[in-house]
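Notes to accompany the following structure.
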Amino acid sequence: MVTQVNYRTTGTGPGLVVVHGALQSSSSYEKFAEALADEFTVHVVDRRGRHGSAPHAADHSLKTEVDDIAAVVRETGAQRLFGLSSGAVIVLESALSIPGITHVAAYEPPITAPGLKDHVFERFEREVANGQHAEALVTIGLGLEVGPRWLGLLPRPLLLAVTRKLLANDVDMVSLLPTARYDFRVVGEGSKNLERFKALEADVVLLGGSKSPRYLKDALAILETLLPDATRVEVRGADHGSPTERPDLVVPELRRFFDLP
């Protein structure tokens with residue numbers, strides 16, 4: 001355990017730090033970590049506000065997140081990073097300043113979402129503040145197009161009813177809802193001055209799902225122009241949630257990348 005954040009460790013081999021996205025914690029990555037544990041020592045971080053990690057401070061920022069990852073890297077000696085969504089923004093930023101990082105795998109960093117999705121974030125935060133948990137989840141799922149495609153086909157009242165039933169048995173998700181505002185902040189900060197990523201020296205793979213929304217594919221295309229030496233991989237059949245929900249689709253690509261000399 002480090003001073004500010006906890007992390008779960010499993011497996012043997014070279015160290016890999018995993019940084020989750022919004023509305024997730026280390027427990028979201030149990031299957032993902034197990035799928036890599038035969039070849040890597042996987043350290044899955046609990047970002048602030050989760051599972052005993054320090055709470056968010058008023059001045060929480062992208063730098064705070066990077067400092068936390070740096071502490072985990074110092075303690076574990078890991079040289080490889082993987083991040084999903086806002087976690088992908090964090091690992092890219094971390095590789096700019098943390099010494100010794102050799103490989104960075106960024107899965108769908110949503111750098112084109114700020115501005116484009118501000119109205120979604122504002123509605124989500126208002127509903128969370130009002131205790132409208134199901135409404136908030138429906139708003140973020142539909143607004144950011146990150147849930148299963150069939151969600152968009154259901155009438156909102158029916159979708160709310162289904163979501164309320166799911167939340168009745170998911171105390172962890174309810175507790176995670178207030179943390180999402182900090183993910184919005186981190187993504188907003190990370191989306192500014194993208195030219196800085198040209199200074200990345202680590203090997204980078206930009207991963208995305210073939211079934212993911214257009215704005216996430218556009219984000220990868222933007223980063224690809226800034227990082228001409230990066231590898232871009234579209235994972236067939238995958239979407240934004242596949243690293244945790246279908247790790248069998250994503251893990252083979254990570255093995256190929258992280259095994260590079």
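The backbone N or O of Q132 sits nowhere less than 3.5 Å from a side-chain atom of N130 that would complete a donor-acceptor pair. A donor-acceptor pair under 3.5 Å is formed between the side chain of T76 and the backbone N or O of V72. Counting only distance, with no hydrogens or angles, the side chain of T179 and the backbone of G49 share no donor-acceptor pair below 3.5 Å. A distance-only check finds no donor-acceptor pair linking the side chain of R181 to the backbone of L177 [under 3.5 Å]. Although no hydrogens or angles enter the test, the distance criterion places no donor-acceptor pair under 3.5 Å between the side chain of R80 and the main chain of V104. Using a distance-only test at 3.5 Å, with no hydrogens or angles considered, no donor-acceptor pair links the side chain of T10 to the main chain of V42.
The shortest side-chain heavy-atom distance between T231 and V204 does not fall under the 4.5 Å cut-off. Side-chain contact check for V19 versus I69: some heavy-atom pair is nearer than 4.5 Å. Side-chain contact check for D203 versus F257: some heavy-atom pair is nearer than 4.5 Å. When side chains are defined from C-beta on, V235 does not count as touching S210, because their heavy atoms never get closer than 4.5 Å. Contact check for L137 versus L167: side-chain heavy atoms found under the 4.5 Å cut-off. In this structure the side chain of L142 reaches within 4.5 angstrom of the side chain of R156, judged on heavy atoms. R50 places a side-chain heavy atom less than 4.5 Å from the side chain of H20. Taking the side chain as every heavy atom from C-beta outward, V233 and L206 never approach each other to under 4.5 Å.
E34 and K31 are not joined by a salt bridge, as no carboxylate oxygen comes within less than 4.0 angstrom of a charged side-chain nitrogen. The existence of a salt bridge linking R185 and E189 is excluded, since no basic side-chain nitrogen approaches an acidic carboxylate oxygen closer than 4.0 Å. Under a 4.0 Å N-O distance rule, the pair D68/R47 does not qualify as a salt bridge. No salt bridge links R123 with E135; every basic N to acidic carboxylate O contact stays at or beyond 4.0 Å.
In this structure E39 satisfies the salt bridge (charged side-chain N to carboxylate O under 4.0 Å, His left out) test together with R255, sequence neighbours excluded. Every residue two or more places apart in sequence or in another chain that forms a salt bridge (charged side-chain N to carboxylate O under 4.0 Å, His left out) with R214 is listed here: D218. Applying the salt bridge (charged side-chain N to carboxylate O under 4.0 Å, His left out) test to E201 and every residue at least two apart in sequence or in another chain returns nothing. Remark: N169 engages no residue in a side-chain contact (heavy atoms from CB on, under 4.5 Å) (not counting sequence neighbours). Residues passing the ring-ring contact (aromatic ring centres under 6.0 Å, His included) test with H240, sequence neighbours excluded: none. In this structure S61 satisfies the side chain to side chain donor-acceptor pair (under 3.5 Å) test together with T64, sequence neighbours excluded. Residues satisfying the salt bridge (charged side-chain N to carboxylate O under 4.0 Å, His left out) test with K165, not counting sequence neighbours, are none. For T9, the side-chain contact (heavy atoms from CB on, under 4.5 Å) partners are Y7, T41, H43, not counting sequence neighbours.
Grouping the Ile, Leu, Val, Met, Phe, Trp and Tyr side chains by contacts below 4.5 angstrom, directly or via other members, places L36 with L84.
Of the inter-residue distances, the one linking L81 atom CG with I101 atom CD1 reads 4.0 Å to the nearest 0.5 angstrom. We find the CG-OH distance between L216 and Y107 to be 9.0 Å, quoted to the nearest 0.5 Å. Taking CG from L62 and OG from S94, the interatomic distance works out to 7.5 Å, rounded to the nearest 0.5 Å.
One side chain, Y29 or Q24, offers a donor N or O that lies under 3.5 Å from an acceptor on the other. With 3.5 Å as the limit, one finds a donor-acceptor pair spanning the side chains of R8 and S26. H133 and E127 are not linked by any side-chain donor-acceptor pair at a separation below 3.5 angstrom, with hydrogens and angles left out of the test.
For the salt bridge (charged side-chain N to carboxylate O under 4.0 Å, His left out) condition, the pairs that include at least one residue of residues 242-253, sequence neighbours left out, are R246-D248, E253-R256. Listed by first and then second residue, the salt bridge (charged side-chain N to carboxylate O under 4.0 Å, His left out) pairs involving residues 225-235 are K217-E234, E224-R232 (not counting sequence neighbours). Pairs passing the salt bridge (charged side-chain N to carboxylate O under 4.0 Å, His left out) check and including a residue from residues 166-179, sequence neighbours excluded, do not occur. Pairs engaging residues 76-98 under the ring-ring contact (aromatic ring centres under 6.0 Å, His included) rule: F32-F82 [sequence neighbours left out].
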